[in-house]
Structure formats: structure tokens, C-alpha cells
K.L.:
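I'd like to ask you about the structure that follows.
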Amino acid sequence: MAQLPRIIVACLLVAGHTALAAPCQFESQGEGRVAAIVDARSVRLDDGREIRLTGIEPTATTKQALTSQLVGRDVSLHGTDDTPDRYGRQSALIFVGESDSSMQAMLLAQGDALVSAEIADKDCAAFLMASEAEARRQKKGNWADPSAIKNAESPDDILAGIGRFMVVEGKVLSVRQAGAMTYLNFGRNWTRGFAVTISRRTLPAFESAGITLKSLENRRIRVRGWVEGTTGPRIDVLRVGQVELLGANEPTGVRP
């Protein structure tokens, strides 16, 4: 057990306590029937409420999967905050019928979505990440495409996806601080290479997780987030869950 990847261990521990508390079973936010799929990450219930699927980012197949699995189905909503966002959407985990696994987890397990890392609850976050990891291991859905995970050593490929949510893997060559920002540099040319930026206000979360940013130097990591930049691509890390540590000898794209 000690040699299993940490996320898998966390998932097994959660599964072992399912009878007590299944992962992601937050406070109820109501029920309803799905009347329509609005877009790849939101649905409309028959009472008019628009629900945003929290915890995931869509892929090319997400909307089709939602259409086939949710339209006309009775669902229950769970979450930590039912306050509508600026677009009037209520963010929630969606459970179909009596299922104890969320729609988000199902999409991730099918390779039809990516973990967004926005859910703070550790057990739920680990469960969703493990669902994605299993699909990645089996090369399901989105993960059947070798380019689904970008190589940090190919910044032009990452920059081509500017404005999109991406998953990138690579070795951190240097960790540098400039003002209130820490830069994880993956290339020797700082202006053109891929970089991860982490603001000072995010540092306490990393420290609470037992991670010092300087310790990431010369480590292989997987990072997910929205690609920005002009001459060189970057991802701003706002949450610890956006960064995963990889073993030196682990094959690219496989580790949970």
C-alpha cells in the first residue's frame, strides 16, 4: 500500500469509508429534472434553474456525454455554496437518481472531462483526481490522444492553446521570485519557455500541504490551468490541486 501513488491511496481510504460518508456528498442544494444541456459545463432544470457542473473543465466530448446521460433524468444537487454566479448559474455536483457517484466523477472516469482543481475538500478532490487518473491510465476518451498532455519542453505547442485549459508535464529547471510572484521555469529562456506563476497569497496553501516551492526545482510535475502569455506560455496556479508531483522514473501521462 505504501508504494501506491498518493492519490490512489487517498481514494482507497475514502472508498473504505463509503458507508459512513461517500466522497463529494456535500450539503443538498435541491433536486430537479434536467430539461436541456446549455453548454459543455451547464444544464437547465425543468424549474428554470441553470446548474454549472463544478469541479471539472470540459473536453470536446463533454457536451455529447451530458446530453446522452442527463437529459430527462431526475437529479440531486450537492455543494458548499448555492449562491448563483454572475451569469445566474448555481454551481453544484450533480447526482443522477440514487447514484452515490457524481456526474462529474462519471465524466472523468470516461475521459470526457478534466479535473479543474477548484474543489477544496481533500477527499472529494482526491476522488475526482483518481477518477481522471484511471481514465488516463486506460487512455479513455480525451486521453486516447497523445497530445492531451502537453510537454513543457515544447512551449510553442502550449502557446497554440492560449485561452484554453490545459494539462502540462515537465521538469522545473528553476524557481525564481520576483516581487510577490514566484516563477517555476521549465525552459532556460525565461521569455519564451513555459512557466508556472504562483502569487504570494497562494503560498500558505502550499505550505499547509507540506510543499515549499523551492523544493520543486529539478522535480517533474504535472500542472493544469488556463494558458496565458504572449512570447512565452504560462499557467497561473491559484490552488494547490493544480500541481501534481511526479516520480523521476514514472512514464509521462500515466501517474494518477
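Throughout, residue positions are numbered sequentially from 1 according to the sequence presented.
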K.L.:
Any salt bridge (charged side-chain N to carboxylate O under 4.0 Å, His left out) involving residues 174-200? Give me the pairs, sequence neighbours left out, ordered by first then second residue.
P.N.:
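For residues 174-200: Asp156-Arg192, Arg176-Glu217.
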K.L.:
Please give me the minimum heavy-atom distance between Ala178 and Tyr183, naming the atom from each residue.
P.N.:
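The answer is CB-CE1, 3.9 Å.
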K.L.:
Can you name the residues that form a side-chain contact (heavy atoms from CB on, under 4.5 Å) with Asp157, not counting sequence neighbours?
P.N.:
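Result, side-chain contact (heavy atoms from CB on, under 4.5 Å) vs Asp157: Ser154.
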K.L.:
Check Pro233 against Pro155 and note the closest heavy-atom contact, atom names and distance.
P.N.:
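Closest approach of Pro233 to Pro155: CG-O, 3.4 Å.
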K.L.:
Can you tell if the side chain of Ile211 reaches within under 4.5 Å of the side chain of Val243, non-hydrogen atoms only?
P.N.:
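They are not in side-chain contact.
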K.L.:
State, yes or no, whether a side-chain contact exists between Met103 and Leu93 at a heavy-atom distance under 4.5 Å.
P.N.:
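No, too far: nothing below the 4.5 Å cut-off.
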K.L.:
Do the side chains of Asp46 and Arg33 get close enough for a salt bridge, i.e. N-O under 4.0 angstrom?
P.N.:
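No.
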K.L.:
List the atom of Ala125, the atom of Ile119, and the distance in Å for their closest heavy-atom pair.
P.N.:
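Taking every non-hydrogen atom into account, CB-O, 3.7 Å.
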K.L.:
Is Gln90 close to Leu77 at the side-chain level, that is, under 4.5 Å between some pair of heavy atoms?
P.N.:
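Yes - at least one pair of side-chain heavy atoms lies under 4.5 Å apart.
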K.L.:
Less than 4.5 Å apart, any side-chain heavy atom of Val115 and any of Ile56?
P.N.:
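A side-chain contact under 4.5 Å is absent here.
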K.L.:
Find the distance between OG (Ser68) and CZ (Arg73) and round it off to the nearest 0.5 Å.
P.N.:
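Nearest 0.5 Å value for the OG-CZ distance: 10.0 Å.
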K.L.:
Indicate yes or no: at least one non-hydrogen side-chain atom of Val196 is less than 4.5 angstrom from one of Phe186.
P.N.:
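Counting from C-beta outward, Val196 and Phe186 do come under 4.5 Å.
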K.L.:
Indicate if Ile221 and Leu173 have the same hydrophobic cluster label, given that clusters are the connected sets of ILVMFWY residues with side-chain heavy-atom separations under 4.5 angstrom.
P.N.:
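Different clusters.
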K.L.:
Passes side-chain contact (heavy atoms from CB on, under 4.5 Å), Ile158 versus Met166? Steps please.
P.N.:
CA-CA 8 Å; Ile158 304 171; Met166 283 189 171; 4.1 Å; yes
K.L.:
Is there a continuous path of hydrophobic side-chain contacts, each under 4.5 Å between heavy atoms, that joins Leu53 to Phe26?
P.N.:
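Yes, Leu53 connects to Phe26 through the hydrophobic network.
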K.L.:
Check the side chains of Asp112 and Gln110 for a donor-acceptor pair under 3.5 angstrom, ignoring hydrogens and angles.
P.N.:
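The answer is yes; a qualifying pair exists.
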K.L.:
Show your reasoning for whether side-chain contact (heavy atoms from CB on, under 4.5 Å) applies to Asn185 and Val172.
P.N.:
CA-CA 6 Å; Asn185 298 302; Val172 179; over 6 Å; no
K.L.:
Quick one: does Arg49's side chain get under 4.5 Å of Ile51's, heavy atoms only?
P.N.:
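Yes - at least one pair of side-chain heavy atoms lies under 4.5 Å apart.
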K.L.:
Side chains of Val43 and Glu50: does their closest heavy-atom pair fall under 4.5 Å?
P.N.:
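No, their side chains stay 4.5 Å or more apart.
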K.L.:
Do Val237 and Met181 belong together in a cluster built from hydrophobic side chains that touch within less than 4.5 Å?
P.N.:
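They do not share one cluster, since no chain of ILVMFWY contacts under 4.5 Å joins Val237 to Met181.
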K.L.:
If you define the side chain from C-beta out and look only at heavy atoms, does anything of Leu66 sit under 4.5 Å from Leu107?
P.N.:
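Answer yes - side chains close enough.
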K.L.:
What pairs with Ser147 under side-chain contact (heavy atoms from CB on, under 4.5 Å), at least two apart in sequence or on another chain?
P.N.:
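Per chain and number, Ser147 pairs via side-chain contact (heavy atoms from CB on, under 4.5 Å) with Asp145, Lys150.
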K.L.:
Sequence neighbours left out, what pairs pass salt bridge (charged side-chain N to carboxylate O under 4.0 Å, His left out) with at least one residue falling in residues 231-241?
P.N.:
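Salt bridge (charged side-chain N to carboxylate O under 4.0 Å, His left out) check on residues 231-241 returns Glu228-Arg234, Arg234-Asp236.
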K.L.:
Considering residues at least two apart in sequence or located in another chain, which fulfil the ring pair (Phe, Tyr, Trp, His ring centres under 6.0 Å) criterion with Trp226?
P.N.:
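Result, ring pair (Phe, Tyr, Trp, His ring centres under 6.0 Å) vs Trp226: Phe165.
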K.L.:
For residues Arg89 and Ser42, is any side-chain donor paired with an opposing acceptor at under 3.5 Å?
P.N.:
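Absent: no donor and acceptor within the cut-off.
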K.L.:
Verify the cluster assignment for Val34 and Met106: are they in a single hydrophobic cluster under the rule of side-chain heavy atoms below 4.5 Å apart?
P.N.:
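Yes, Val34 and Met106 fall within the same hydrophobic cluster.
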K.L.:
Taking all heavy atoms of Glu118 and all of Arg41, pick out the closest pair and write down the distance.
P.N.:
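Nearest heavy atoms, Glu118 then Arg41: OE2-NH2, 3.8 Å.
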K.L.:
CZ/Phe206 to OG1/Thr182 distance, rounded to the nearest 0.5 angstrom?
P.N.:
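Spacing of CZ (Phe206) from OG1 (Thr182) equals 9.5 Å.
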K.L.:
To check you understand the geometry: which heavy-atom pair defines the closest contact between Ser102 and Phe95, and what is its length?
P.N.:
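Smallest heavy-atom distance, with atoms named: N-CE2, 3.4 Å.
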K.L.:
Does the pair Val223 and Phe194 meet the rule for a side-chain contact (heavy atoms from CB on, under 4.5 Å), with working shown?
P.N.:
CA-CA 11 Å; Val223 62; Phe194 173 65; 4.0 Å; yes
K.L.:
Kindly say whether Ile94 contributes a backbone atom to a donor-acceptor pair with the side chain of Gln104 at under 3.5 angstrom?
P.N.:
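A pair under 3.5 Å: yes.
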K.L.:
Hydrophobic side-chain clustering at under 4.5 Å (ILVMFWY, transitive links): who's grouped with Trp190? Put none if nobody.
P.N.:
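When side chains under 4.5 Å apart are linked, Trp190 ends up in no cluster with other residues.
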K.L.:
Let me confirm one number: the CZ-CE distance from Arg136 to Met129, rounded to the nearest 0.5 Å.
P.N.:
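Result: 8.0 Å between the selected atoms.
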K.L.:
To the nearest 0.5 Å, what is the distance between OG1 (Thr67) and CD (Gln69)?
P.N.:
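Those atoms lie 10.0 Å apart.
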K.L.:
Is the side chain of Ser28 donor-acceptor paired with the backbone N or O of His78 at a distance under 3.5 Å, no angle test?
P.N.:
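No, the answer is negative, given that no donor and acceptor are paired below the 3.5 Å cut-off.
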K.L.:
Same cluster or not: Val38 versus Val71, using hydrophobic residues (I, L, V, M, F, W, Y) connected whenever any side-chain heavy atoms lie under 4.5 Å apart?
P.N.:
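Different clusters.
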K.L.:
Check whether more than 12 heavy atoms from other residues, nucleotides or ligands sit under 6.0 Å from atom CD of Gln64, and answer yes or no.
P.N.:
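Count not over threshold, so no.
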K.L.:
Please determine whether side-chain contact (heavy atoms from CB on, under 4.5 Å) holds for the pair Leu184 and Ile198, giving the CA-CA distance in whole Å, both sets of side-chain angles, and the decisive distance to 0.1 Å.
P.N.:
CA-CA 8 Å; Leu184 310 184; Ile198 304 173; 4.1 Å; yes
K.L.:
Between Glu244 and Arg224, does any NZ, NE, NH1 or NH2 come within less than 4.0 Å of an OD or OE carboxylate oxygen?
P.N.:
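Judged by the 4.0 Å cut-off on N to carboxylate O distance, Arg224 and Glu244 do form a salt bridge.
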K.L.:
What's the separation between atom CG in Leu246 and atom NZ in Lys171, rounded to the nearest 0.5 Å?
P.N.:
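Answer rounded to 0.5 Å: 13.0 Å.
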K.L.:
Which atom pair, heavy atoms only, marks the closest approach of Thr202 to Leu238?
P.N.:
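In terms of heavy atoms, the two residues are closest at CG2-O, 3.6 Å.
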K.L.:
How long is the span from the CG atom in Asp81 to the OG atom in Ser91, to the nearest 0.5 Å?
P.N.:
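With rounding to 0.5 Å, CG (Asp81) is 8.0 Å from OG (Ser91).
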